[in-house]
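Counting starts at 1 for both ligands and their atoms, following the listed order. Excluded from the calculations below are hydrogen atoms, water molecules and symmetry mates; all remaining heavy atoms, backbone and side chain alike, are included. Numbers here simply count residues along the sequence, with the first being 1.
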Amino acid sequence: MLDHEQTGTVEFERAATIAPQPLIDPFGRAITYLRVSVTDRCDFRCVYCMSEDMTFLPKADILSLEELDRLCSAFIAKGVRKLRLTGGEPLVRRGIMTLVAALARHLGSGALDELTLTTNGSQLRKYAADLATHGVRRINVSLDTLDAAKFRAVTRWGDLEQVLDGIKAAQNAGLAIKINAVALKGVNEDEFETLTRWAHGEGMDLTFIEVMPLGDVGAGRLDQYLPLSLVRARLAERFTLNEIDYRTGGPARYVRVAETGGRLGFITPLTHNFCESCNRVRVTCTGTLFMCLGQEDAADLRSVLRASEGNDLLYGAIDEAITRKPKGHDFVIDRRHKRPAVARQLCHAVKRRGRTAWAKAQRFVPITPAHRNAPLPTLPVVLSVQTSD
Ligand code: SAM
(Lines give C-alpha, C1' and ligand atoms only; values in the text may rest on other atoms or scores of the structure.)
Protein backbone atom coordinates (compact mmCIF):
# COMPACT_ATOMS: atom_id res chain seq x y z
CA MET A 1 0.00 0.00 0.00
CA LEU A 2 1.21 3.47 -0.84
CA ASP A 3 2.03 5.52 2.18
CA HIS A 4 2.56 9.22 1.73
CA GLU A 5 4.50 9.27 4.95
CA GLN A 6 7.13 7.13 3.27
CA THR A 7 6.87 8.14 -0.35
CA GLY A 8 5.72 11.72 -0.19
CA THR A 9 3.57 10.97 -3.23
CA VAL A 10 -0.06 11.64 -3.75
CA GLU A 11 -2.51 9.35 -5.44
CA PHE A 12 -5.70 10.90 -6.61
CA GLU A 13 -9.16 9.65 -7.44
CA ARG A 14 -10.01 5.98 -7.67
CA ALA A 15 -12.17 4.46 -10.33
CA ALA A 16 -15.83 3.89 -9.70
CA THR A 17 -18.36 2.39 -12.07
CA ILE A 18 -21.23 4.21 -10.40
CA ALA A 19 -21.44 7.98 -10.40
CA PRO A 20 -21.22 9.34 -6.84
CA GLN A 21 -24.61 10.59 -5.71
CA PRO A 22 -25.20 13.50 -3.31
CA LEU A 23 -25.74 12.55 0.31
CA ILE A 24 -29.30 13.24 1.38
CA ASP A 25 -30.42 11.68 4.65
CA PRO A 26 -33.90 10.28 5.37
CA PHE A 27 -34.99 13.68 6.70
CA GLY A 28 -34.01 15.48 3.53
CA ARG A 29 -30.86 17.03 4.96
CA ALA A 30 -27.92 17.31 2.55
CA ILE A 31 -24.63 16.20 4.12
CA THR A 32 -22.10 18.84 3.19
CA TYR A 33 -19.75 19.01 6.19
CA LEU A 34 -17.24 16.34 7.15
CA ARG A 35 -15.01 16.32 10.21
CA VAL A 36 -12.11 13.93 10.00
CA SER A 37 -9.83 12.93 12.81
CA VAL A 38 -6.41 12.31 11.27
CA THR A 39 -4.72 10.90 14.36
CA ASP A 40 -5.46 9.69 17.86
CA ARG A 41 -2.23 11.23 19.14
CA CYS A 42 -1.80 14.55 20.85
CA ASP A 43 1.14 16.41 22.30
CA PHE A 44 -1.04 17.74 25.13
CA ARG A 45 -2.99 15.83 27.75
CA CYS A 46 -5.82 18.24 28.58
CA VAL A 47 -7.27 17.11 31.88
CA TYR A 48 -10.85 17.04 30.60
CA CYS A 49 -9.95 15.16 27.43
CA MET A 50 -7.25 12.56 27.99
CA SER A 51 -5.61 10.77 30.81
CA GLU A 52 -1.91 11.43 31.28
CA ASP A 53 -1.14 7.82 30.57
CA MET A 54 -2.52 6.96 27.15
CA THR A 55 -2.17 3.98 24.88
CA PHE A 56 -2.41 4.95 21.26
CA LEU A 57 -3.57 2.72 18.47
CA PRO A 58 -1.23 0.57 16.41
CA LYS A 59 -0.28 2.24 13.14
CA ALA A 60 -2.07 -0.43 11.09
CA ASP A 61 -5.39 0.59 12.64
CA ILE A 62 -5.03 4.20 11.61
CA LEU A 63 -5.91 5.27 8.11
CA SER A 64 -2.84 6.09 6.04
CA LEU A 65 -2.60 9.53 4.51
CA GLU A 66 -3.54 8.04 1.19
CA GLU A 67 -6.62 6.41 2.70
CA LEU A 68 -7.59 9.66 4.40
CA ASP A 69 -7.23 11.45 1.09
CA ARG A 70 -9.27 8.83 -0.69
CA LEU A 71 -11.97 8.91 1.95
CA CYS A 72 -12.23 12.70 2.05
CA SER A 73 -12.23 12.83 -1.74
CA ALA A 74 -15.06 10.30 -1.88
CA PHE A 75 -17.14 12.46 0.46
CA ILE A 76 -16.31 15.54 -1.60
CA ALA A 77 -17.37 13.69 -4.76
CA LYS A 78 -20.63 13.04 -2.93
CA GLY A 79 -21.27 16.66 -2.13
CA VAL A 80 -19.27 17.53 0.99
CA ARG A 81 -18.23 21.18 0.67
CA LYS A 82 -16.59 21.79 4.02
CA LEU A 83 -13.85 19.63 5.48
CA ARG A 84 -12.40 19.99 8.97
CA LEU A 85 -9.30 18.08 10.04
CA THR A 86 -9.05 17.34 13.71
CA GLY A 87 -7.57 14.77 16.06
CA GLY A 88 -6.00 14.04 18.54
CA GLU A 89 -3.84 16.89 17.39
CA PRO A 90 -3.96 17.03 13.58
CA LEU A 91 -0.65 18.86 13.25
CA VAL A 92 1.31 16.12 15.02
CA ARG A 93 0.33 13.60 12.34
CA ARG A 94 3.48 12.78 10.41
CA GLY A 95 3.19 14.03 6.85
CA ILE A 96 0.07 16.07 7.58
CA MET A 97 1.03 18.73 5.05
CA THR A 98 1.11 16.09 2.31
CA LEU A 99 -2.53 15.42 3.07
CA VAL A 100 -3.43 19.11 3.27
CA ALA A 101 -1.62 19.77 -0.01
CA ALA A 102 -3.44 16.88 -1.67
CA LEU A 103 -6.85 17.95 -0.39
CA ALA A 104 -6.20 21.49 -1.58
CA ARG A 105 -6.83 20.32 -5.13
CA HIS A 106 -10.53 20.20 -4.28
CA LEU A 107 -10.42 23.87 -3.35
CA GLY A 108 -8.71 24.55 -6.65
CA SER A 109 -11.34 22.61 -8.60
CA GLY A 110 -14.16 24.37 -6.78
CA ALA A 111 -15.50 21.07 -5.41
CA LEU A 112 -14.72 22.15 -1.85
CA ASP A 113 -15.61 25.51 -0.31
CA GLU A 114 -13.52 25.23 2.82
CA LEU A 115 -10.62 23.21 4.16
CA THR A 116 -9.98 23.95 7.81
CA LEU A 117 -8.73 22.44 11.03
CA THR A 118 -9.01 22.49 14.78
CA THR A 119 -5.67 22.56 16.55
CA ASN A 120 -4.13 23.14 19.95
CA GLY A 121 -1.75 25.56 18.25
CA SER A 122 1.48 23.97 19.40
CA GLN A 123 2.72 23.31 15.85
CA LEU A 124 1.37 26.44 14.18
CA ARG A 125 4.70 28.21 14.15
CA LYS A 126 5.93 25.39 11.93
CA TYR A 127 2.88 24.96 9.71
CA ALA A 128 0.87 28.20 9.53
CA ALA A 129 2.47 29.46 6.33
CA ASP A 130 2.04 26.09 4.59
CA LEU A 131 -1.59 25.91 5.65
CA ALA A 132 -2.22 29.31 4.10
CA THR A 133 -0.34 28.32 0.95
CA HIS A 134 -2.58 25.28 0.59
CA GLY A 135 -5.76 27.31 0.75
CA VAL A 136 -6.67 27.07 4.43
CA ARG A 137 -8.29 30.39 5.29
CA ARG A 138 -9.40 30.00 8.89
CA ILE A 139 -8.64 27.69 11.77
CA ASN A 140 -9.87 27.01 15.28
CA VAL A 141 -7.32 27.11 18.07
CA SER A 142 -8.15 25.60 21.45
CA LEU A 143 -6.94 27.73 24.33
CA ASP A 144 -8.55 27.74 27.75
CA THR A 145 -6.41 30.17 29.70
CA LEU A 146 -3.89 32.97 29.26
CA ASP A 147 -2.13 32.10 32.50
CA ALA A 148 1.03 30.09 31.77
CA ALA A 149 0.91 28.09 34.99
CA LYS A 150 -2.77 27.25 34.56
CA PHE A 151 -2.15 26.40 30.93
CA ARG A 152 0.51 23.93 31.95
CA ALA A 153 -1.80 22.47 34.57
CA VAL A 154 -4.76 22.11 32.19
CA THR A 155 -2.79 20.68 29.28
CA ARG A 156 -0.36 18.86 31.56
CA TRP A 157 2.44 19.25 28.99
CA GLY A 158 1.66 22.46 27.13
CA ASP A 159 3.66 25.67 26.87
CA LEU A 160 1.48 28.77 26.58
CA GLU A 161 4.20 30.82 24.88
CA GLN A 162 4.53 28.21 22.15
CA VAL A 163 0.81 28.40 21.45
CA LEU A 164 0.68 32.21 21.50
CA ASP A 165 3.66 32.21 19.17
CA GLY A 166 1.78 29.81 16.88
CA ILE A 167 -1.28 32.05 16.92
CA LYS A 168 0.89 35.00 15.95
CA ALA A 169 2.41 32.98 13.09
CA ALA A 170 -1.05 32.04 11.89
CA GLN A 171 -2.17 35.66 11.96
CA ASN A 172 0.94 36.70 10.07
CA ALA A 173 0.15 34.04 7.49
CA GLY A 174 -3.27 35.63 7.04
CA LEU A 175 -5.33 32.89 8.70
CA ALA A 176 -8.53 33.92 10.46
CA ILE A 177 -8.65 32.38 13.92
CA LYS A 178 -11.41 31.37 16.25
CA ILE A 179 -10.36 30.59 19.79
CA ASN A 180 -12.17 27.73 21.51
CA ALA A 181 -12.10 27.84 25.30
CA VAL A 182 -13.60 25.13 27.47
CA ALA A 183 -15.27 26.72 30.51
CA LEU A 184 -13.80 25.04 33.57
CA LYS A 185 -15.06 25.62 37.05
CA GLY A 186 -12.35 26.76 39.41
CA VAL A 187 -9.83 26.92 36.57
CA ASN A 188 -10.57 29.68 34.07
CA GLU A 189 -13.85 31.08 35.40
CA ASP A 190 -12.02 34.22 36.49
CA GLU A 191 -10.74 34.73 32.94
CA PHE A 192 -13.85 34.88 30.77
CA GLU A 193 -13.70 38.64 30.47
CA THR A 194 -9.93 38.63 29.93
CA LEU A 195 -10.18 35.96 27.26
CA THR A 196 -12.94 37.89 25.52
CA ARG A 197 -11.04 41.17 25.52
CA TRP A 198 -7.84 39.45 24.41
CA ALA A 199 -9.38 37.44 21.55
CA HIS A 200 -11.43 40.35 20.25
CA GLY A 201 -8.52 42.72 20.68
CA GLU A 202 -6.50 40.39 18.45
CA GLY A 203 -9.28 40.30 15.86
CA MET A 204 -10.27 36.71 16.67
CA ASP A 205 -13.67 35.20 17.40
CA LEU A 206 -14.02 33.40 20.72
CA THR A 207 -16.25 30.48 21.55
CA PHE A 208 -16.86 29.03 24.98
CA ILE A 209 -17.49 25.31 25.17
CA GLU A 210 -19.30 23.58 27.98
CA VAL A 211 -17.17 20.78 29.38
CA MET A 212 -18.69 17.39 28.80
CA PRO A 213 -18.49 15.10 31.79
CA LEU A 214 -17.86 12.00 29.72
CA GLY A 215 -15.38 9.21 29.98
CA ASP A 216 -12.76 8.49 32.58
CA VAL A 217 -9.78 10.76 32.21
CA GLY A 218 -8.48 10.28 35.68
CA ALA A 219 -9.72 13.54 37.18
CA GLY A 220 -13.00 14.46 38.82
CA ARG A 221 -14.37 16.11 35.73
CA LEU A 222 -17.75 16.75 37.22
CA ASP A 223 -15.97 19.16 39.49
CA GLN A 224 -14.98 21.07 36.35
CA TYR A 225 -18.49 21.38 35.00
CA LEU A 226 -19.74 24.91 34.56
CA PRO A 227 -22.99 25.52 32.69
CA LEU A 228 -22.59 27.97 29.84
CA SER A 229 -25.76 29.70 30.96
CA LEU A 230 -23.72 30.84 33.96
CA VAL A 231 -20.77 31.85 31.80
CA ARG A 232 -23.05 33.89 29.63
CA ALA A 233 -24.79 35.49 32.60
CA ARG A 234 -21.45 36.51 34.06
CA LEU A 235 -20.28 37.96 30.76
CA ALA A 236 -23.56 39.84 30.45
CA GLU A 237 -22.69 41.65 33.69
CA ARG A 238 -19.57 43.03 31.97
CA PHE A 239 -20.62 43.33 28.37
CA THR A 240 -23.63 44.03 26.20
CA LEU A 241 -24.30 40.80 24.32
CA ASN A 242 -26.36 41.31 21.20
CA GLU A 243 -27.84 38.24 19.52
CA ILE A 244 -26.74 37.83 15.91
CA ASP A 245 -27.66 35.41 13.16
CA TYR A 246 -24.07 34.54 12.34
CA ARG A 247 -23.62 30.82 11.65
CA THR A 248 -20.67 28.91 10.30
CA GLY A 249 -22.35 25.57 9.77
CA GLY A 250 -21.56 24.35 13.26
CA PRO A 251 -23.31 24.18 16.60
CA ALA A 252 -22.30 27.53 18.11
CA ARG A 253 -24.76 30.30 18.87
CA TYR A 254 -23.20 33.72 18.52
CA VAL A 255 -23.57 37.15 20.02
CA ARG A 256 -21.80 40.37 19.18
CA VAL A 257 -20.11 42.04 22.14
CA ALA A 258 -20.95 45.72 21.84
CA GLU A 259 -17.91 46.89 23.86
CA THR A 260 -15.32 44.94 21.84
CA GLY A 261 -17.10 44.62 18.51
CA GLY A 262 -16.11 40.93 18.44
CA ARG A 263 -18.12 37.75 18.05
CA LEU A 264 -18.65 35.44 20.97
CA GLY A 265 -19.96 31.91 20.54
CA PHE A 266 -21.41 29.40 22.97
CA ILE A 267 -21.33 25.67 22.37
CA THR A 268 -23.22 23.32 24.60
CA PRO A 269 -22.16 20.11 22.89
CA LEU A 270 -24.86 17.93 24.36
CA THR A 271 -27.93 19.97 23.65
CA HIS A 272 -30.16 19.67 20.65
CA ASN A 273 -28.49 22.46 18.79
CA PHE A 274 -29.80 22.72 15.28
CA CYS A 275 -30.39 19.00 14.72
CA GLU A 276 -33.08 19.90 12.25
CA SER A 277 -30.51 21.53 10.00
CA CYS A 278 -27.65 19.15 10.74
CA ASN A 279 -25.44 18.75 7.68
CA ARG A 280 -22.52 17.02 9.42
CA VAL A 281 -20.94 13.64 9.81
CA ARG A 282 -17.59 12.68 11.29
CA VAL A 283 -14.97 10.05 10.67
CA THR A 284 -12.44 8.84 13.20
CA CYS A 285 -8.80 8.20 12.38
CA THR A 286 -9.66 4.51 12.12
CA GLY A 287 -12.23 5.18 9.43
CA THR A 288 -15.33 4.82 11.57
CA LEU A 289 -18.12 7.05 10.32
CA PHE A 290 -20.48 8.54 12.89
CA MET A 291 -23.65 9.93 11.45
CA CYS A 292 -24.63 11.87 14.59
CA LEU A 293 -22.62 13.38 17.41
CA GLY A 294 -25.04 12.07 19.96
CA GLN A 295 -25.66 8.57 18.71
CA GLU A 296 -23.42 5.56 18.77
CA ASP A 297 -24.47 4.09 15.46
CA ALA A 298 -21.47 3.95 13.15
CA ALA A 299 -20.16 2.47 9.92
CA ASP A 300 -16.76 0.92 9.37
CA LEU A 301 -15.31 2.55 6.26
CA ARG A 302 -11.77 1.32 6.80
CA SER A 303 -12.52 -2.26 5.85
CA VAL A 304 -14.41 -1.01 2.80
CA LEU A 305 -11.49 1.20 1.80
CA ARG A 306 -9.10 -1.69 2.19
CA ALA A 307 -11.32 -4.23 0.46
CA SER A 308 -11.23 -2.67 -2.95
CA GLU A 309 -9.07 -0.48 -5.14
CA GLY A 310 -12.09 1.16 -6.73
CA ASN A 311 -14.59 3.42 -4.98
CA ASP A 312 -17.86 1.59 -5.69
CA LEU A 313 -17.88 -0.23 -2.35
CA LEU A 314 -16.95 2.94 -0.52
CA TYR A 315 -19.71 5.00 -2.13
CA GLY A 316 -22.18 2.23 -1.37
CA ALA A 317 -21.12 2.04 2.29
CA ILE A 318 -21.37 5.81 2.72
CA ASP A 319 -24.80 5.85 1.08
CA GLU A 320 -26.01 3.05 3.33
CA ALA A 321 -24.68 4.79 6.45
CA ILE A 322 -26.40 8.05 5.59
CA THR A 323 -29.74 6.24 5.41
CA ARG A 324 -29.16 5.62 9.13
CA LYS A 325 -28.50 9.24 10.07
CA PRO A 326 -30.91 9.87 12.95
CA LYS A 327 -33.16 12.84 13.28
CA GLY A 328 -31.36 14.19 16.32
CA HIS A 329 -29.32 13.75 19.44
CA ASP A 330 -30.01 11.29 22.16
CA PHE A 331 -27.78 12.73 24.82
CA VAL A 332 -28.31 12.57 28.51
CA ILE A 333 -25.91 14.38 30.79
CA ASP A 334 -26.02 12.06 33.72
CA ARG A 335 -24.74 14.27 36.45
CA ARG A 336 -26.91 12.68 39.08
CA HIS A 337 -25.16 9.35 38.69
CA LYS A 338 -21.80 10.93 37.93
CA ARG A 339 -21.01 8.72 35.02
CA PRO A 340 -20.32 9.09 31.35
CA ALA A 341 -23.48 9.50 29.35
CA VAL A 342 -21.93 8.75 26.01
CA ALA A 343 -19.07 6.35 25.76
CA ARG A 344 -17.53 7.03 22.42
CA GLN A 345 -14.02 7.30 21.20
CA LEU A 346 -13.18 9.99 18.74
CA CYS A 347 -9.44 9.79 19.05
CA HIS A 348 -9.57 6.05 19.79
CA ALA A 349 -6.83 6.44 22.32
CA VAL A 350 -7.40 5.01 25.74
CA LYS A 351 -5.89 5.32 29.13
CA ARG A 352 -3.19 2.72 29.55
CA ARG A 353 -4.57 -0.38 31.17
CA GLY A 354 -3.19 -3.09 28.98
CA ARG A 355 -4.11 -4.74 25.78
CA THR A 356 -7.30 -6.37 27.01
CA ALA A 357 -8.60 -3.06 28.21
CA TRP A 358 -7.73 -1.54 24.89
CA ALA A 359 -9.47 -4.32 22.99
CA LYS A 360 -12.61 -4.00 25.09
CA ALA A 361 -12.60 -0.28 24.59
CA GLN A 362 -13.06 -0.78 20.86
CA ARG A 363 -16.71 -1.55 21.50
CA PHE A 364 -19.22 1.21 21.07
CA VAL A 365 -21.43 1.49 24.09
CA PRO A 366 -24.98 2.55 23.32
CA ILE A 367 -26.86 4.72 25.75
CA THR A 368 -29.79 2.83 27.15
CA PRO A 369 -31.67 3.09 30.43
CA ALA A 370 -29.71 0.02 31.53
CA HIS A 371 -26.45 1.81 30.91
CA ARG A 372 -27.61 4.79 32.84
CA ASN A 373 -28.15 2.63 35.88
CA ALA A 374 -25.11 0.46 35.42
CA PRO A 375 -22.00 0.91 37.51
CA LEU A 376 -19.36 3.24 36.18
CA PRO A 377 -17.48 1.65 33.30
CA THR A 378 -14.02 0.57 34.29
CA LEU A 379 -12.73 1.47 30.88
CA PRO A 380 -12.05 5.01 29.98
CA VAL A 381 -13.22 6.50 26.75
CA VAL A 382 -12.05 9.44 24.80
CA LEU A 383 -15.09 11.45 24.15
CA SER A 384 -16.33 12.85 20.98
CA VAL A 385 -17.08 16.50 20.94
CA GLN A 386 -18.50 18.81 18.36
CA THR A 387 -16.74 21.92 19.37
CA SER A 388 -16.06 23.54 16.08
CA ASP A 389 -18.08 25.35 13.55
N1 SAM B 1 -6.13 18.79 19.43
C2 SAM B 1 -7.05 19.65 18.77
C3 SAM B 1 -7.44 20.80 19.67
O4 SAM B 1 -6.93 20.89 20.78
O5 SAM B 1 -8.22 21.63 19.23
C6 SAM B 1 -8.28 18.96 18.20
C7 SAM B 1 -8.95 17.89 19.03
S8 SAM B 1 -9.70 18.44 20.52
C9 SAM B 1 -10.45 16.94 21.10
C10 SAM B 1 -11.07 19.38 19.93
C11 SAM B 1 -11.74 20.24 20.96
O12 SAM B 1 -12.40 19.43 21.89
C13 SAM B 1 -10.83 21.16 21.77
O14 SAM B 1 -11.32 22.47 21.66
C15 SAM B 1 -11.00 20.66 23.18
O16 SAM B 1 -10.88 21.69 24.11
C17 SAM B 1 -12.38 20.08 23.13
N18 SAM B 1 -12.67 19.11 24.19
C19 SAM B 1 -11.97 18.01 24.53
N20 SAM B 1 -12.54 17.39 25.58
C21 SAM B 1 -13.64 18.09 25.90
C22 SAM B 1 -14.66 17.96 26.90
N23 SAM B 1 -14.64 16.99 27.80
N24 SAM B 1 -15.65 18.87 26.93
C25 SAM B 1 -15.68 19.88 26.04
N26 SAM B 1 -14.75 20.06 25.09
C27 SAM B 1 -13.74 19.20 25.02
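- When heavy-atom distances to ligand 1 are checked against a 4.0 Å cut-off, Thr119 comes that close only through its backbone atoms N, CA, C and O.
- The distance from ligand 1 to the heavy atoms of Val182 drops below 4.0 Å at these ligand atoms: 16 (O), 26 (N).
- Per-residue contacts place Asn120 under 4.0 angstrom from the following atoms of ligand 1 (heavy atoms of the residue considered): 2 (C), 3 (C), 4 (O), 5 (O).
- Residues Leu206 and Lys178 fail the side-chain proximity criterion, which asks for heavy atoms closer than 4.5 Å.
- A salt bridge is absent between Glu259 and Arg197; no separation between the charged side-chain nitrogens and carboxylate oxygens falls under 4.0 Å.
- Judged purely by distance below 3.5 Å, without hydrogens or angles, the side chains of Asp205 and Tyr254 never pair a donor atom with an acceptor atom.
- Ionic pairing of Asp43 and Arg156 is not present here: no N-O contact between side-chain nitrogen and carboxylate oxygen is shorter than 4.0 angstrom.
- For a threshold of 3.5 Å applied to N or O pairs, the pair formed by Asp144 and ligand 1 contains no separation below that value.
- Side-chain polar atoms of Thr118 and Arg84 form a donor-acceptor pair below 3.5 angstrom.
- An N or O contact shorter than 3.5 Å links Ser142 to ligand 1 by distance.
- Ligand-side atoms of ligand 1 in range of Thr86: 6 (C), 7 (C), range being under 4.0 angstrom from any heavy atom.
- For Phe44 and Phe151, the ring centers are positioned less than 6.0 Å apart.
- Between Asp25 and Lys325 there is no salt bridge, since none of the side-chain N atoms of the basic residue sits less than 4.0 Å from a carboxylate O of the acidic one.
- Heavy-atom contacts of Val211 reach the following atoms of ligand 1: 23 (N), 24 (N), 25 (C) (cutoff under 4.0 Å).
- Atoms of ligand 1 found under 4.0 Å from any heavy atom of Glu210 (numbered from 1 in listed order, with element): 24 (N), 25 (C).
- Contact between Gly88 and ligand 1 is present, with at least one heavy atom of the residue lying under 4.0 Å from the ligand.
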